[in-house]
Amino acid sequence: MKQIIKIGIALLLLVLCYCLLLTACDQKDTEQKETPSYSQNSNASKSTEKSDKSNEETRSKEQETSSQDTQAPNNGTTHVHSYEEWETVKQATCTEDGTEQRYCKCGDMQSRNIPAGGHSSYKWVKISDPSCTEEGKKEQQCETCGYVKSTLTTPATGHSYPYYGEVIQPAGCTTEGRQIFRCTNKLCDHSYEDKIEPNGHSYSTTTVNASCETAGGIQYSCRNCSHSYFEETSNAIGSHNLEITGVCSRCKKDCSVDMRERISAPLTGTTYGFSYEYDNVYLYFNWQATNNSSNTIKYCTFQIRCYNGVGDVIATKTLTVTGPIASNGRINGGRTDLGDGFYYSNLDSMKKLEISYIKLEYSDGTVECGYYGYSTTQINNNLGEWNP
């Protein structure tokens, strides 16, 4: 029995050794068949690795993924990949990697990264100009991607206004005006209103001499409005210089009074009455009247006019009766020679004789003048009759 067991174990070991021998032979035969292909593929792989290392020197990062450089076709021959040029699939930017690929005719694909280029050169780009109220801005940008490295601002310019505004309401001498100021900077429509100070008066001056009733001085009149005022420099004269007509020779004021209220009508029935007579050469004048004023007359001056037939004055004579002549006293002109201009030879042209104006100077210094106006048209060689 033991002998049988030993024989069985020996047989099993024999079978096992034979199997091992067959396995070793098959493996050796397989290695001999594949050894030339792997040697050729190894040389190609070494060439590719050298090219990849060269690309890695010019790129910051590269990844390459591909199928086996060689593969055995179904017919048992060895295929060597032949790739086309690299084609960019995704462009690299300054901050992100890109991607490029290449293909073999067999369809195999290789892919690798294109390293990010990084920001290279910069330029200043104006974003906005400064305005009156806002800052200007410019940026230092990457010329490749526009990345902003730095920003520079310039201050706002502020508004620019003209020295003089546009007048919308003129100022007066004493009243304020209004004006508007508009910003002169481009693209700015800002404006504001402001007052215009009053101009004040602008005076012209006129020297005014003192007159009978008004003081002398300087008259100031504003050129721009109706305002005026008077600066007194001398007192008024205080009295008029009256002519016999009653008009002041200085101030030209008419101060005349009705002399028929101061002097009565010429008296008739007296020795002489109101008359004129003539001789072979001269005419003579006779006149008497009563002082109806309340003052004593110092001097009574009267004007006689002679008219021709058409009403022209052909001769004038002024005569004075010296007083004193008290109130209600008689003014006696007597027999007065009319003198030059009143000649007998002119008698035919003399048609009317008139006492026109009378000037009364009173003892108290006051003076009154005015129109009297009594006349006669009848002339005789003895006595002319009175015609009121």
Side-chain angles (χ1 to χ4, degrees), residues 23-158 185-188:
T23 300
C25 290
D26 290 338
Q27 184 176 359
K28 184 177 181 181
D29 183 62
T30 302
E31 287 178 355
Q32 287 176 352
K33 288 180 181 182
E34 293 181 355
T35 296
S37 175
Y38 275 106
S39 177
Q40 182 181 0
N41 192 28
S42 176
N43 291 334
S45 176
K46 288 179 181 180
S47 175
T48 301
E49 287 177 359
K50 288 180 180 180
S51 175
D52 289 344
K53 286 181 181 180
S54 176
N55 288 337
E56 286 177 359
E57 290 178 357
T58 58
R59 306 175 188 273
S60 60
K61 184 178 180 182
E62 180 181 310
Q63 294 179 348
E64 182 179 331
T65 304
S66 69
S67 61
Q68 292 293 332
D69 285 347
T70 61
Q71 69 179 37
N74 293 332
N75 58 11
T77 63
T78 300
H79 171 70
V80 178
H81 292 299
S82 176
Y83 294 98
E84 297 177 352
E85 296 294 327
W86 289 101
E87 181 180 353
T88 300
V89 178
K90 177 185 176 183
Q91 291 284 355
T93 66
C94 295
T95 56
E96 294 183 358
D97 292 342
T99 303
E100 59 182 3
Q101 296 174 347
R102 65 180 180 178
Y103 290 87
C104 179
K105 292 181 179 180
C106 71
D108 186 67
M109 182 268 291
Q110 285 184 334
S111 175
R112 66 182 180 185
N113 288 341
I114 303 173
H119 302 300
S120 55
S121 60
Y122 295 89
K123 64 179 179 179
W124 285 102
V125 178
K126 181 174 69 175
I127 305 302
S128 63
D129 290 319
S131 66
C132 296
T133 56
E134 296 182 357
E135 294 179 334
K137 181 180 178 182
K138 62 180 181 179
E139 295 176 343
Q140 191 177 22
Q141 298 178 357
C142 175
E143 292 185 341
T144 303
C145 67
Y147 166 77
V148 178
K149 180 181 180 182
S150 61
T151 301
L152 182 63
T153 59
T154 53
T157 61
N185 292 335
K186 293 181 179 179
L187 304 179
C188 181

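- The aromatic rings of His81 and Tyr83 sit tilted relative to each other, their planes meeting at an angle between 30° and 60°.
- Nearest heavy atoms, Lys126 versus Lys138: CA-CB, 3.9 Å.
- Of the possible polar contacts, one joining the Ser131 side chain to the Glu134 backbone as a donor-acceptor pair under 3.5 Å is found.
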Any chance you could lay out the side-chain contact (heavy atoms from CB on, under 4.5 Å) test for Ser150 and Glu139, step after step, and finish with the verdict? CA-CA 6 Å; Ser150 61; Glu139 295 176 343; over 6 Å; no
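- Closest approach of Cys142 to Ser120, counting heavy atoms only: SG-N, 4.3 Å.
- Interatomic distance, OG1 of Thr151 versus CD1 of Ile127, reported as 8.0 Å (0.5 Å rounding).
- Glu143 pairs by the side-chain contact (heavy atoms from CB on, under 4.5 Å) definition with Ser121, Lys123, not counting sequence neighbours.
- Atoms OG1 and CD, on Thr157 and Glu135 in that order, are 11.5 Å from each other to the nearest 0.5 Å.
- Residue Gln140 places its CD atom among more than 12 non-hydrogen atoms of other residues, nucleotides or ligands, all under 6.0 Å distant.
- Closest heavy-atom contact between Pro130 and Pro155: CB-O, 3.4 Å.
- Between Cys104 atom SG and His79 atom NE2 the span is 4.0 Å, to the nearest 0.5 Å.
- In this structure, OH on Tyr103 lies 8.0 Å from OG on Ser111, to the nearest 0.5 angstrom.
- Although no hydrogens or angles enter the test, the distance criterion places no donor-acceptor pair under 3.5 Å between the side chain of Asn113 and the main chain of Asp97.
- Closest non-hydrogen pair, Cys132 versus Cys188, comes out as SG-SG, 3.7 Å.
- One finds the NZ atom of Lys137 at 9.5 Å from the OG1 atom of Thr153 (value rounded to the nearest 0.5 Å).
- A salt bridge is absent between Glu85 and Arg102: the closest approach of a Lys/Arg side-chain nitrogen to an acidic carboxylate oxygen does not fall below 4.0 angstrom.
- Taking both residues in full, the closest heavy atoms of Tyr147 and His119 are given as CB-CE1, 3.3 Å, listed atom of the first, atom of the second, then distance.
- With rounding to the nearest 0.5 angstrom, the CD atom of Glu84 is 13.0 Å from the CE atom of Met109.
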Please evaluate residues Gln141 and Trp124 with respect to the criterion side-chain contact (heavy atoms from CB on, under 4.5 Å), reporting the C-alpha separation (whole Å), side-chain torsions for both, the decisive distance (0.1 Å), and the verdict. CA-CA 6 Å; Gln141 298 178 357; Trp124 285 102; over 6 Å; no
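- Here the shortest heavy-atom pairing between Lys90 and Ile114 reads O-CD1, 4.1 Å.
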